[in-house]
There are 2 protein chains.
Amino acid sequence: MHRGTGVGLAYDRGVPSTSAPPPATRGERKERTRRAILDAALRLCEDSSLVALSLRAVAKEVGIVPTAFYRHFTSIEDLGLELVDESFESLRAMLKEVRQAGATSLTEMIDGSVRILVEHVHAQREHFMFIARERGAGPLPVREAIRHEIELCERELAADLRRIPGMDPWSPEDVQVLSNLIVMAMVSTVESVLLAAPGSVAERRIAERARTQLRMVLVGALQWESRD
Amino acid sequence: MHRGTGVGLAYDRGVPSTSAPPPATRGERKERTRRAILDAALRLCEDSSLVALSLRAVAKEVGIVPTAFYRHFTSIEDLGLELVDESFESLRAMLKEVRQAGATSLTEMIDGSVRILVEHVHAQREHFMFIARERGAGPLPVREAIRHEIELCERELAADLRRIPGMDPWSPEDVQVLSNLIVMAMVSTVESVLLAAPGSVAERRIAERARTQLRMVLVGALQWESRD
DNA sequence: AAGTTCAGTGAACGTTCGTACACTCAAACT
DNA sequence: AGTTTGAGTGTACGAACGTTCACTGAACTT
């Protein structure tokens, strides 16, 4: 029984047109299926890992035949690299938001950053989960892509840190080291938040812990350097 | 062609007895195979992950038939939990060594700790690699076991921190938060060291970075608290 | 010496996997 | 109107998977 268009066909059944517009152009249909594949992979990665994810399982989740997968990606690894790009695109949006928050004090900046971070982990839970998973266990090219992106974040943060009053006397190397520390602390905070139930007390304690740690590092380190 | 004892038989071939003593008792033979399985799994995990590791691949690596695996472990996950125990046993030995180093100053303590850490990552490379991998991507029980062990390390470190002169006025909660920060920084340091070539400049820079970070956190945080 | 135990064997099972191939048929193009 | 294109289909294949089962034979127990 030939049904024609996989994902797309879902829109051809049931109520005629009120629930969702039937995709018109061929490009639209393709993009829709591509998205469905990416979403399905992201969903299936919640409790597995790319390296244990089968092309067939993704296809089944999407509702297409396995071979149709190849129309969009050459392999699971290829799909993974796309998900990395996508995840960090959303993460960059978050960092931009953090920067635009325009805090007047260090405490304000820290509180705002942590708040935005936790919010984004909820909003983009699947993306963060994917990155946290594949960062250490994904296919080598995926791991490298993630490491590269995090390194970029580290450098961007370092540039931001240099603009903080009181950081002027720091050497670029030390700022970079500080940035690395902060990024790693935030990575581990994200991992903790992902484990906690959204809105739970556990989560609030994790956020509070992150704020305290940032204060320890920033306020503390600022004084430490000025002591020398 | 029946060969009898898998791994054990390897010792029955070649030069009679000079290279390795043929295992005598049945318990010895079993233990030897068990070790071989654990080692093989550890080796195969260097570039995969437990969730993508097949019982058959392990058996082949060991040189036994797949079904013989069940004489030692009920599943790959079971094997994984054993590896977690084993890994943290060696890590605990390291922490003990760090504590016994008996440093007189904070700088001395930091330098000694980082040195011992890097040494142990080399000596137990496969174990650390395994933990770093499975920490985020292993089967759920394995992830939980690792998380629990790291939490224990965190608490032990917190107890040690409280003994540092100058930490007396700190609340137990803040010490715990500080400990979490340090442990997470060390976890990420280990991950970096695992990526660097042993003895390379990159590795020395990572060690130097870890020292600087510990100094920032410890010296800095000590002053921060006393300021309030 | 006879009997028991059990780590390791080997064949066989039902699944699932990635991938090759020939196909269809509506949208897009000429 | 006729042709081309290409996303999705259906079948088929060999390989690898976890697990079952009855087995063997050296190490042990009695």
Side-chain angles (χ1 to χ4, degrees), chain A residues 1-13 21-38 40-41 44-45 48-80 139, chain B residues 1-13 21-41 44-45 48-80 82 139:
Chain A
M1 187 190 292
H2 183 253
R3 299 203 280 108
T5 55
V7 170
L9 193 67
Y11 297 95
D12 297 348
R13 292 186 295 213
T25 100
R26 197 135 80 162
E28 271 180 275
R29 276 174 181 270
K30 175 160 189 182
E31 179 53 31
R32 203 176 286 243
T33 301
R34 187 186 152 86
R35 258 261 60 82
I37 292 175
L38 289 166
L44 292 173
C45 270
S48 189
S49 166
L50 264 189
V51 294
L53 186 61
S54 77
L55 177 156
R56 287 182 110 101
V58 176
K60 178 180 279 186
E61 176 85 3
V62 174
I64 58 175
V65 100
T67 49
F69 177 90
Y70 293 111
R71 299 286 178 194
H72 304 273
F73 304 97
T74 67
S75 65
I76 289 285
E77 181 182 306
D78 181 24
L79 185 157
Chain B
M1 187 189 291
H2 183 253
R3 298 202 281 108
T5 54
V7 170
L9 193 67
Y11 296 95
D12 296 348
R13 292 185 295 213
T25 98
R26 197 137 77 164
E28 273 181 275
R29 275 175 181 270
K30 176 160 187 180
E31 179 53 30
R32 204 176 285 243
T33 302
R34 185 187 153 86
R35 258 262 59 83
I37 292 175
L38 289 166
D39 289 343
L44 292 174
C45 270
S48 189
S49 166
L50 265 189
V51 293
L53 186 59
S54 77
L55 177 156
R56 287 181 109 103
V58 176
K60 178 180 280 186
E61 176 84 3
V62 174
I64 58 176
V65 100
T67 50
F69 177 91
Y70 293 111
R71 299 287 178 195
H72 303 273
F73 305 97
T74 67
S75 65
I76 289 285
E77 180 182 306
D78 181 24
L79 186 157
E82 186 62 35

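Chain A is the first sequence line, chain B the second, and so forth, proteins listed ahead of strands; every chain is numbered from 1.
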Separation of K30(A) atom NZ from dT9(D) atom C1', in whole Å? 16 Å
Selection from dG8(D), dC17(C), dG8(C) that lies nearest to any side-chain heavy atom of T33(A): dG8(D)
Length of the line joining E31(A):CD and dG8(D):C1', which is rounded to integer Å: 16 Å
To the nearest angstrom, how far is E28(B) atom CD from dA7(C) atom P? 15 Å
Using modelled atom types only, decide if a donor and an acceptor are shared between the side chain of T33(B) and the backbone of R29(B) within a distance under 3.5 Å. yes
Compare the minimum distances between each of dA12(D), dA27(D), dT20(D) and the side chain of Y70(B), then state the nucleotide with the smallest one. dT20(D)
Take the protein atom CZ of R34(A) and the nucleotide atom P of dA7(D), then report the distance between them rounded to whole Å. 12 Å
Send over the distance from D78(A) CG to dT19(C) C1', rounded to a whole Å. 16 Å
Do I37(B) and I64(B) make a side-chain contact, defined as non-hydrogen atoms from C-beta onward lying under 4.5 Å apart? yes
Kindly give the heavy-atom pair with the smallest separation between D78(B) and F73(B), and that separation in Å. OD2-CA, 3.6 Å
Between L53(A) and A68(B), who's closer to the 5' end of DNA chain C by nearest nucleotide? A68(B)
Any side-chain N or O of T25(B) less than 4.0 Å from the OP1 or OP2 oxygen of dA27(D)? no
Rounded to whole Å, the CD1-C1' distance (I64(B) to dA7(C)) equals 9 Å
First of I76(B) and G27(B) reached from the 5' end of DNA chain D, by closest nucleotide: I76(B)
Could you tell me the separation between the CZ atom of F69(B) and the C1' atom of dG8(C), rounded to a whole number of Å? 14 Å
Can a donor-acceptor pair under 3.5 Å be found between the side-chain atoms of R71(A) and the base atoms of dG6(D)? no
A side-chain contact here means heavy atoms from C-beta on lying under 4.5 Å apart; do R34(B) and E82(B) qualify? yes
In whole angstroms, how far is the P atom of dA16(D) from the CZ atom of R56(A)? 16 Å
Counting any heavy atom closer than 4.0 Å, what does T67(B) reach on the DNA or RNA strands: base, sugar-phosphate only, or nothing? base
Nearest to side-chain heavy atoms of R26(B), which nucleotide of dT19(C), dA26(D), dG8(D): dA26(D)
Quick one, F69(B) and V62(B) - any side-chain contact, counting heavy atoms below 4.5 Å? no
Check whether any side-chain nitrogen or oxygen of S54(B) sits under 4.0 Å from OP1 or OP2 of dC17(D), and answer yes or no. yes
